[in-house]
Every structure is written in structure tokens, then in C-alpha cells.
Amino acid sequence: MSIDLRPGTAPAVQAAQEVPAAVPRGRARPGRRRRFRPGLILAVGFLAWLALAVAAPNVLASTDPYSVNPAESFRPPSAAHWFGTDESGADVYSRIVHGARTSLYIGVGATAIGLVGGTLLGLFAGLSKRFVEASVMRFLDVTLAVPEIILALVVIGIIGGGTENAILAIGAGSIAYYARITRTQAHLVRRAAYVEAAGVLGFPRWNVLLHHVLPNVVKPVLVLATIGVGSAIGAGASLSFLGLGTPPPAPEWGAMLSVGRNFISNAPWLITLPAAFLVGTVLAITVVGRELRRRSEGRTSS
Amino acid sequence: MTGISVPGSIGKAVRPDAVARRIALRLVVGVGVLWGAATLTFLAVYLIPGDTALLILGGPDARPTPEAIDRVRQDYLLNEPLAIQYLHYLGGLLQGDLGQSYRLRIPVTEAIGQQIGSTAQLAGAAALLALPLTFAVALASAQRRPWIRSLVSGVEVVCAATPTFVIGFVLLMVFSFSLHWFPIGGNQGPASLVLPALTLALAVFGPLSQVLRNELDDVLEQAFVLTARARGMRDAQVRVRHALRHAVIPVLTMSGFLIAALLGGSVIVETLFSRQGVGSLALASVYEKDLPVIIGVVLLSAAVYVVVNLAVDLLYTLIDPRVVTA
Amino acid sequence: MPLPRPARFRTHRTLTRGATLAVVAGLLTSCASPAGTRTVPADATPVDGGVLNVSISAEPGCLDGHGISATQQQFLGRLIYDNVVTLDDDGEIAPYLAESWDISEDGKTYTFHLKKDVTFSDGSPWNATVFQQNLEHMRDPATKSPLAAAYIAPYVDGTVIDDHTFEAHLEYAYTPFLYTLAQSWLGMNSGKAITESPETLCQNPVGSGPYVLEDYQPGQSISYAKREGYAWAPEWLGGTGEAHLDGVEVTVVAEPVIRYQSLVSGQYGLTENLAPQNAAAVQADPAFTYENLPRTGSPYVLGFNLNREPFSDPAVREAFAAAVDTEAVTESLGFGTYTPIDSYLSKESKYYDPSAEGTLAHDPERANQLLDDAGWDSRDAEGFRTRDGERLTVEVPTVEASAPSPLLVQLQGEVRKVGIELEIIQLPQAQLTELRYAGDYDALAGVWHTNTTDVLFIRYHSSEITGERIGQNSSYVNDPELDEILLRARGAADGPDAAEAYSQAQHRLTDLVPGLPLYENPSQFAYSNSVQGVATDTSHPVPVLTYAWLAQ
């Protein structure tokens, strides 16, 4: 086994195992890289399909997702309706395609709010004086102390339901997680010898932050964010389950799952198909996200 | 072995009086967190639009008399300005009085007290399932062949991505509707606890396992691990003895997440499985704007959280003496 | 032609209705003869003992009927409470805790002769004083009554003539008085409990009914045990003495699919609420009995707000009604179990007049014509009608619910075809309540169940418009002609005068089109055939378990 210590990484840090340095993983080592990766190809393909569904849903599904026809409700999958019809007779395939936009919007939007807000707060706290840090963290403790879903319920109680408000509620609920992780990492990095040395040597604070702290903080936070997109979509669905998400009749996967569950004995496709797309999307994002990270790390070290 | 072992003996930086001071400080901060949580929730719920009196009196489909409406406003100080309501609430709080539930018309402490055992059971069982599962999976899969890792992380992502209520429904369909192994819902006996606890455990397993494994991956590549291996230590030994100890810190950081996730997940799980508990009480209270109960639930989760955090904090110092600030 | 009054044990009637559901039910009707579905002969000798497990969709959070308005009280109240009077099989007032009563000529004085030797489960007696205490408790502001107090609003005061004679004085002739006294929400509480500990009645109600509350876990479960020595059931129940069951265990099961599955799996013997999507499956299973009974009162109506544009214009109201294919919507919504209706009164209600039906037929062409004539004749880019640059939009608020009914979505799709935009606004209950009483909406969907035709007064009389006091005329109907008719109907004693007045009221409503009637408000429940002797009463068509028993 060989390990390549990157020039920019101080050996002291390595020895202390403080910073999860960007050392290429075993699977990323050139000798073991597999040429054919069906999982990755599938994931990329799925995301491409998804991108098309977001950008131009009408290309993939020409049926109007809002067109209801009570007489045609609960038709099982057929040639006319690939994924069957729902309780109002609307085409499920078309609703899934058109729903991609909202569902991804919720996942990415909420994660972005949590990620940006949390990282900034966490960095600020981790690099501030003790008193300031303690205050910020205690405030975050208050929001962390309340279960996310209850927090979201209260937030939605105040500002009302709907897609944007759901994003805000879910995003706000996750800020504290990112902040905590960032703070812990920032802390460890700050106390590492090379960062302290940079400070002693008179490098400006922001410079240290930008070049030493941020890069080390980004990785664990991004790990969380990859999962975050998925769980945010899931949280959006949970809010829909409680009747607080995207209002009908807008097609949104979580809302479709929420309504479909009541008809599980009559029309199982109303729950299995949206669930498959939801889980598939999150899986694909994760697979592709990891590959991107692996490549970027590989490049730095070569 | 004789003599009293000093708590701080593991790390040189920690002395007993420092530990005591830390605990005291933490407790003070904890009370502050509780006060903050109560205040924030009070303000937040106060801001929820809607006439509380009319809601208490049956919502949109009722015919309360003007006298009843007046009486409700009086009883719950709804005509008073925010400051008076708040001070009155704080006053009660200091005496351990969380007020009276609007909806159930009993003291909040009693309302929560009735439900807490059931939720503790559910969350405890879920944690007992989730933690060993997480550690076993992460230990077994970190730094393994790519396909094992892909498989495991795929399972994690699926668990993390599938909404809790869908996991619950799938388990119900398979184990209750089809196989009839477990009852379909309710609070009766240990059998009725299995599926709800499993649902909740799977919901928290994904994120926990992912973080732990990532840390293990990193640790297993560190120089000291290589040294240990070079000394001829067996793989399993390296994993358990060296890597786990270092990887556990971020997981401890996430124990706050775990508690909140278990409590939050119980809202969904209890609703889905028709279990009684704090989660379903909280949900009903938010729907009905039952302010005293909402604050009560928030205070309860904050208190649990403060205690857990205190414990985590002390553990930090034991595991890694360098993390002593804050 | 008035429909026959509902029979008490209604399996047969339900199944004839079931035949009309054959669209969905398919082959079910072939095996659905009442006798064929029973595994135990209906005349079998009741067996004593056993606990019946019941699932229920929600629970009120308070079990004192006087303090709540929840639908579930119709069922729960019958377990622990007795009422002063009851409605018999024919829907006529019959004795219960009162043996008889006299009504004065002017309809303002009621003299009740009360049954003797009735006791509450705390041992205290039932008498004239207790009756008075109950009426006072209902209207006591501290009870926070959302319903019962309004039902007895004309009650001024009462006189205890002797231990078992009570005289109630009303402000004006109010025929619905006795009917409302038969409702579950107006059951009689123990006088001792009312005096000694009124604040505990919610959690620990004390009645004189066939069961006694044993344990109550709010939001979760309610346990009842048989009342020892019970001997005053109403005659229509066809039994005497104590209940056969040792107890009833009621559990809240919120998810419809789980209520269905746990009924079929045998975990529960009866479910108080079986969702329509599971009806066909239960009907097809010979081991179960399925009941689908309309509740009297106001059916499910999308009520228009006559106070605001655009529904202040009768032409738009008529056009909206003509645009919707009610039958198709109802069929899909209720999986064939809902009965479409085009009147403002349930067909099961007393004085229902079928001649007021049939004016609201589905006719999109007529809808388009009406809208064109009303000036909504231009279209915007999305195809919606406009007038003076303003889009024809209808805002319909609805409560944020775990399982939103597809009703509004389907109505939205229907009226979109004629260029009306229906905007669904999901709100938390608190906001919906405020908006509702502020009149800030264009239309609201809802039902109002009560066992008297006075529901028309509650829904459509101008004095019931929310002002200083809360009212349920959410359509803001303010029509002097209708007001006069409804007031007359309310004061008329049961008989031809009342029938005539209510017939006029129904016709007047059909002219006014205060809303779009959709379907009968159903009570849909199901039970295993091992549960025998389940009755329903005509006040609320919910299961009554007084003499239910479990076959071995």
C-alpha cells in the first residue's frame, strides 16, 4: 500500500489524523479503476432524463398532467397510460415527468439553504471568540433541540404551506446540522499546527480561512449535502404526508405518494412508481456526486 | 485494582475540577437553551394567524355562543397583549406549571406524561436497532471492495431517501398485510412495537452509517493505521481498536441529530402506525394550535437534547482531549 | 314521493344501494343477498361476554358531548350516554329518559315526565333537577360548547315541578327542540359530576348509558366496560337489561388503508369509518357486513359565497353548477358508494321534497351561454374567461389535511372546461377558521349533519350569518322570502304545515342556487359477521352497540 502525501498538506496534520485530508481512496487508485461501470452509466442516463424532464417536460410526456377525467380514474398501466391513471383520472407518467421539476426544486433548494446558511454560521462560530461561538451554537442548539418536522410544522403554521414555504422550513431545519459539522471541523483545523503557524507568520485571517479552513470543511459538509438532497426531497414528501407540502393538483412526487397511500389496496402503482422515481433520483445524484468528487480528488493528487 | 480512578486520567488536559466546572457551565447553558426554546416557540406560535378562541370552540364547523367565546378568551388570556401572556406563561413555568391544554382541557404535564412512555419505548427500540446496525455495517464495509461499498452505500441512500412513511408502508404491506407476522397498528404488546421501531431505525440508519463510514475510510488510511498493519495487527483488530475510536467523534456530533431524528420520526411513525406518543400529540397540537402543548413538547425535546449534549460533550473530552473549548 | 323511512337493521337496504354501485363492484351483487352474507342467523340467541375491538378514524380529545362538535361523538356518545328522547325506527320522537312529554299550545312550554329508577354510573339518580343541570351545563360558557348550546339556544329557563317532572320554557316555538335532545352531543351527564367536578367531564364523563368509561388515552384509545344494572334502553333497540358485551375497546386508527387491513385481518371487529376505496373489497367478502347510510341534514355541498363577486351573480352560480358533471365526480370520488344529489337537503331528512330536484343538470353548453351572457365572454392566454380584463377566478379554501380529498381537484378540472379558474387554497385549521368567519372566500365545501330539517334554517337563514354571533350560513344567503318560510317552518309543529313550509323552502333554495350539491353525507362502517346485533339509530346512522354480541 502506498500513500502519497500531498505537498500542501502538513505532515503534522496527517499524523494527528485531524483533517480528513483529500487522500485518494483505495477504490480510486489508478490500478484498480474499472473501465466499465454500469451503475455510473445508469445514473448518468437517469440524470440526463431527469434534466430533460425538468427543462422540457412536454418532450417526454405530451399528456397534460392537470387534465382530469373522473370517469378514467384508477386505470392500471396500459399502452394509453404507461403508468396508469390516478384518483382523478390524470396520467401518472405525465405527472411524474412534470413533477420532477418541483421535487428537485424542493431537494436542491432546501439543501442549498441549509448548506450555505449552515456553513457560514459554522465557520463564523468556529473562528470567533469563545463567547460569540457559544452564543451562536446555543442558538443553533435551540433549533436543533426541536425535531425538524415539528420545527417545519411550526414554521409552516406561521408562513403557511406550499412549495416555497416547505423548502424554507426544511432548509431552516437543517442549518444547524451543517453548522455543527462545519464548526467541529473548523475547530480542529484551526488548532492544527500549520494553521496556527500561518497565523503566527502573519497571514491575514481571511486568507487562512479561505486557503486552509474552507477546503477542509467542504468535504464532510458535501458528504452531508449529498444525503441532504435526498432527505430534503423525503422531508418534502413527509410534509405532504401531513398535508403541508405542495398543494394539489400540482404534480409533485411527495404529494403523489401522500395521496396514493390511501389507495394502496386499489392502485399500488400510485405509490410504487413515484417512490421508485424519488429513490432513483437520490441514488443517481449520489452516485454521480461521488464520481465527481473522486475525479476532482484524483486530479489534485496527480 | 485499588484506588479511585480519576475521571480525567485518560487525557492529561482534563482535571476533575475542570470537569465539574464544565458540567456546571453546561447546565446553566442548558437552562438558557430551554428558556430560549420556550420563548421562540411562544413567539412563533403566537404569530400563527387565526383566532385561537374560535379554533378551540370547534373550528369552522361549529356554533359557539358569544358567551362561550368570551369565556375562552378570558380563561386563556387571549385578549391580553403578547407581553402579559408571555410573562404569565413564564411565571407558570418557573413553578413547573406548563399550563392547560386547550384541546384536551387537562394540564400539559399530564397530557405529555400520558404519552411519553410510549415514545420512549419506540425511540429506545429504534436506537437499539439502528446503532448496532450502523456500526456493524460501517465497520464491515469501510475500505472494502468497490462493489461491497457501492451496495452498502446504495442501501444507505435508499434508506435515507425514502420518506419514512413510505418505508413504514412497505414494511406494513410485507409483514402485516401479506405475512400477518405483526399487528397492523396500535400500542398492544411488544409485537406491535417491532414494525414502528424498525421503520424509525431504518430512517435514521442511512445518514448515520454514511457519516461513520466516511470517517472510517479516512481513519483507515492514516499513517498510524498503516503502522499498526505493518506491525502485523489483524484487520478486524485494526478496525475495532484503532479506527473506531477516531471515527466515533463525528458520530457523537450526530447524536443530537439522532435524538431529533428519532423524535421527529416518531411524529410520522406514530401517525402511520396509530401509536400513541409525544409525536402524535405534537402533530395534533400543531394542527389545533394548542399552544401550551406545543411549547411543552418543544421544552421536552430541548431538555432531552441538553442532557444528551452534556453527555456527548463529556465524552468528547474523554476521547479527544484537544476538543476542550466551547 | 317520500322515501320509506330507514329500517333499523339495514343490511338489506344497504345492499340494494350496493346494486347501484355495481359499476365498481362488478360481480359483487350476485353474491350479495342479505341472508347469504350472514354466517350466523340473524335470529340467533345472543351470547354474553367478550370485548369488541373497534377502530375509529379520530377522537375528539374530549368525551363530554356538550363540549365538542366532533363527528365521532355520534358513535362514542351512544356508548356512555342516554338521551332525554330518541328517534324511533320511523324517525319519530320516542321516549328514552323521559317517558312522555306535553307541549303547550303555543309551542313554548315543554313538560317532561321522566323515567324513574334511572341512575348514573356514579350512583347518582336521574331526575328533573339533573335535567335542568344538564341544560345549564350545555350553555355554561365554561363548558365551551361549540354545538349543544346553540341547539338549545331558545331555552330560557326551567321549573322542577317534582322529582320527575320538568318544565322547560322556550323563547319562541321551536319544534327542533326535542329532535336535538335526541342527538348524541346532548346526552345526559351525571348531575353529581356536573356540580362536583365539571372540569373533569371531558376526560372522565359520567353518563347513564349501557357502557361506562374505564380508561381514556387521548388521541389513542378509549376503553369501556358494560354498565352493571343497565335497564333503560329505548324500545326500538329491541332489548332490555345490560349489554351483552363485557366491554368495548375503541382505538384510533387514522390511516384509512390500515383501518381496512386491520378489520380484514381480525384485529378489530368493527370499524366506525371504512373509506370508500375499500368498500368493494369488504362487500365482496362474505365474512363482513358493510353499511353505507346517508346522514340526514345538509348533504355535501360546495357552498357559494353570495356576498362576493363572482357568485353574487346568480348566472355565474347557475353556470358553475351546470359546468360540473356531478355524477361522474361523485362516482369516482366515492368509488361508487356515494349517492349523487341535486338538492340542498338529504333525501333521508324529514320533509324532503323530491319535486325540488333535477334543476341542476350537467349542461356545459348552458354554462357557457350563461357566462357569455353575464359578460364573461373574453378569454385570456390560458383559456380562462375574463370580464373587463379580470379573470373569472373562484377561491376555495380548504384545510390542510393528511389526505386531501380529490374533490376540489376534480371540480377544478370540470369548471376549467368552461373557462372558470378554481383556485384551491390549503390552509391550516386556525387560518381556515378565521377566514371562514370573516367570509373571506368564494366557496366552501362542507356538510352539516343534524337530525332535523331545521338544518335549512341553520344553513340559509339570514340570522345565521356570522356577525356578532357565529353562524353556519356560510353562503351568506340573505333572502327575505326564504327567511319568512324558514322561520314559519321552525315554529310549525310536526305535520302538514311543517311539510308545506319545508317544501317551499327547498324550492326557494333551488331558485337561489346557494351552492352546488354533490352527494349525500354518508356514514360508512363495516364489521365482521362474528359481531351480531349491531343497530343504527335514525338520529345518526352510526353503529349502536348496546345489544351487540360476539358469536362464538
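Numbers restart at 1 for each chain; the letters A, B, ... are given by sequence-line order, proteins then strands.
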(message) Between A:V259 and C:P406, is there a side-chain heavy-atom distance shorter than 4.5 Å?
(response)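 Of all side-chain heavy-atom pairs linking A:V259 with C:P406, none is under 4.5 Å.
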(message) Please classify the contact of C:Q261 with chain A as side chain, backbone, both or neither, using a heavy-atom distance under 4.5 Å.
(response)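 For C:Q261, the contact with chain A is made by the side chain alone.
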Should we say atom [atom1] of [X] is surrounded by more than 12 heavy atoms from elsewhere, each under 6.0 Å from it?
| X | atom1 | value |
| --- | --- | --- |
| A:F124 | CZ | no |
| C:Q217 | CD | yes |
| A:W82 | CH2 | no |

(request) Work out which heavy atom in A:N266 is nearest to a heavy atom in C:Q277; give both atom names and the distance. (result)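 Smallest interatomic distance, heavy atoms only, reads ND2-O, 2.5 Å.
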(message) Show the nearest heavy-atom pair for residues A:R261 and C:V257, with the distance to one decimal.
(response)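 Closest heavy-atom pair between A:R261 and C:V257: O-CG1, 3.9 Å.
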(message) Using 0.5 Å steps for rounding, measure from the CG atom of A:D64 to the CZ atom of C:R416.
(response)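 Here the interatomic distance stands at 5.0 Å.
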(request) Would you confirm whether C:Q410, through its side chain, and A:E87, through its main-chain N or O, come within 3.5 Å as a donor-acceptor pair? (result)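 Looks like yes, one N/O pair under 3.5 Å.
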(message) Per the salt bridge (charged side-chain N to carboxylate O under 4.0 Å, His left out) rule, what does the pair list look like for residues 76-86 of chain A, sequence neighbours excluded?
(response)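 Every pair satisfying salt bridge (charged side-chain N to carboxylate O under 4.0 Å, His left out) with a residue in residues 76-86 of chain A: A:D86-A:R95.
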